[in-house]
Amino acid sequence: MKEVFSNPNFRKLFLSNLFSGFGQGMSMIGISWYLVDTTGSAQLLGSTMFISAILMFFVGPFVGTVIDRFSHKKILLLMNTGAFLVIGLLAVWGFFGSYTEGMLIAIFFATTLVYQIHYPTQSALVQENFDEKQYKHINSLLEIEGQTASMLAGAAAGLALKWFGLHVVLLYDALSYLLAFLLLYRIEYTFTLEKLVETSPRTGWMGQLRQSLTYVKERRGLFLFGISALMPFIAVMAGNLLAPVFVSRDLAVDVKFYSLHEMTYAIGAVAAGFLIAAVTRRWGDTAALVGSILLFALTMIAIVVIPNGWVFVALSTLMGWSNASARLIRQTLLMVIVPRQFMGRLLSFFQALGMIFRLLLLGLFTLMIDITGAGIGYLILAGLLLLATLGVYVSMGILLRPSAGSQAFPAEIGALPSATAAAAVATGTTATATANAAILPTCTPAASERTASDK
């Protein structure tokens, strides 16, 4: 980590994400609480999340295509500029007039779109511009930074909402995007895939989606792994609807506990960023990921069984650890086995699938939680996480075997590995196979031990 942080480009990326993550966290916390607290119902927030998920499902494949074809730095700069202008104008409005429900929904949509663009682009930029041996440390540091931003956002949003109002929260949000832009602008960056993009055929977003699906189908274990390892993130997204309702109605406590929940969640995630490398070295990737998802499921059951505000706040730390651990292991593995010119589309493909699950869960929760309370929603998520635990165990046994632990780089964007290339990879005759073989064992026990335990 010390070596990675000595890189000036990484430091700028790190600080840029710290500021933008702080802004995103504040606005999402503020708007979610505001919509539930002012209406006294989860219907408006749930409907907003549901419609947002539908829009992002259709936007996702297009975003993946853009990420793979254009400069990642330019995409992030344009994203921060747009967010600064939109959120800034709405923040100024709040100093002179009151917000309508339509304005709040528009802010929610804008922040969700920023999230949809930000993280796949950031992953593609890291994969393109840093050495493979640094992926695990870079992902850990970015996780620490992102969750620190969430922790600060949780503290600041609770205080700002109580003392000043939503317009001040949005003003902080807009200024954070401006600072992120200024830092990103100074990063030294070369779009290394430019020549490949110029010579590759252009296809529509439906074609790109089909290519992603074909790639996932040809890679044994990848589909099951992608869905199962994504489930903690889906649970967190669905939990964003449940948490304010659970605090406000099921626990009947004030906004302080909601804000503290966000803070302690972030503390757990920061701890995962520091410690997950040591955990995976000691126990292996499979055990660490399976254990994290299982812990997440048991934690959600516990907060329902023990309905207390302080218990909810304390157990949120375990939620943060579980989700961050799962994301770090998943992210590092995908960076190793997925060709860089295909990364944007693959991440967007899994995000699109995740959106389908979110749509189903948000639709279900929106209809039921005003009647049943949010506790039933947490139990449903716990059941899905238990299924994901089994899916991860099975799929990682396939992906981490030496014969399946590598992948040929396509000759062009959208080109899929041929049977010949796949056979070459299986026999270890490609450069990628060599690189992957050098990296994966550092995340897991010895190959012979891992294969025996997986069987």
Side-chain angles (χ1 to χ4, degrees), residues 57 60-61 64 120 123 139 209-238 276 280 283-297 322-339 342-361 380-408 416-417 419 422 425-426 436 439-440 443-445 447 450-455:
F57 173 75
S123 295
N139 288 333
L209 186 61
R210 284 194 297 270
Q211 290 170 354
S212 301
L213 180 59
T214 303
Y215 178 85
V216 172
K217 285 169 63 178
E218 290 197 357
R219 179 70 194 216
R220 290 186 64 242
L222 185 57
F223 182 84
L224 180 59
F225 172 78
I227 290 299
S228 300
L230 195 63
M231 190 54 66
F233 174 73
I234 295 170
V236 170
M237 292 294 99
I276 194 61
T280 55
W283 300 103
D285 279 354
T286 300
L289 187 51
V290 167
S292 294
I293 300 176
L294 180 60
L295 178 62
F296 203 163
S322 302
N323 182 49
S325 299
R327 180 164 60 246
L328 286 170
I329 297 171
R330 181 185 76 234
Q331 193 85 338
T332 300
L333 181 62
L334 290 177
M335 282 185 176
V336 169
I337 67 175
V338 176
F342 208 68
M343 191 67 168
R345 278 169 286 170
L346 188 78
L347 291 176
S348 295
F349 171 77
F350 281 123
Q351 280 195 341
L353 290 179
M355 284 292 177
I356 295 175
F357 279 94
R358 286 171 60 186
L359 281 170
L360 295 173
L361 290 170
I380 292 173
L381 292 179
L384 292 173
L385 287 166
L386 290 174
L387 291 176
T389 302
L390 179 61
V392 163
Y393 179 79
V394 172
S395 60
M396 286 194 73
I398 298 170
L399 285 172
L400 293 181
R401 285 179 189 137
S403 61
S406 54
Q407 179 65 58
L416 296 171
V425 172
N436 289 343
I439 294 169
L440 287 174
C443 309
T444 57
R450 181 180 67 246
T451 304
S453 64
D454 287 339
K455 289 179 180 178

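The figures that follow rest on heavy atoms only: side chains count, while hydrogens, waters and symmetry mates do not.
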For this session: Report, as yes or no, whether the 6.0 Å neighbourhood of atom CZ on Phe233 holds more than 12 heavy atoms from other residues, nucleotides or ligands.
Result: yes
Find the distance between [atom1] ([X]) and [atom2] ([Y]) and round it off to the nearest 0.5 Å.
{"X": "Arg327", "Y": "Ile276", "atom1": "CZ", "atom2": "CD1", "answer": "11.5 Å"}
{"X": "Ile234", "Y": "Asn323", "atom1": "CD1", "atom2": "CG", "answer": "10.5 Å"}
{"X": "Ile293", "Y": "Ser228", "atom1": "CD1", "atom2": "OG", "answer": "7.0 Å"}

Nearest atoms (heavy-atom pairs only) where [X] meets [Y]:
{"X": "Ala235", "Y": "Leu381", "value": "O-CD1, 3.6 Å"}
{"X": "Leu384", "Y": "Met231", "value": "O-CG, 4.0 Å"}
{"X": "Ser395", "Y": "Gly221", "value": "CB-O, 3.5 Å"}
{"X": "Leu289", "Y": "Ala326", "value": "CD1-CA, 3.4 Å"}
{"X": "Ile329", "Y": "Met396", "value": "CG2-CE, 4.4 Å"}
{"X": "Leu386", "Y": "Ala297", "value": "CD2-CB, 3.8 Å"}

For this session: Would you check if Ile227 and Phe357 make a side-chain contact, meaning some heavy-atom pair closer than 4.5 Å?
Result: yes
Problem set entry | Phe225 side chain reached by Ile398 side chain, heavy atoms, under 4.5 Å | no
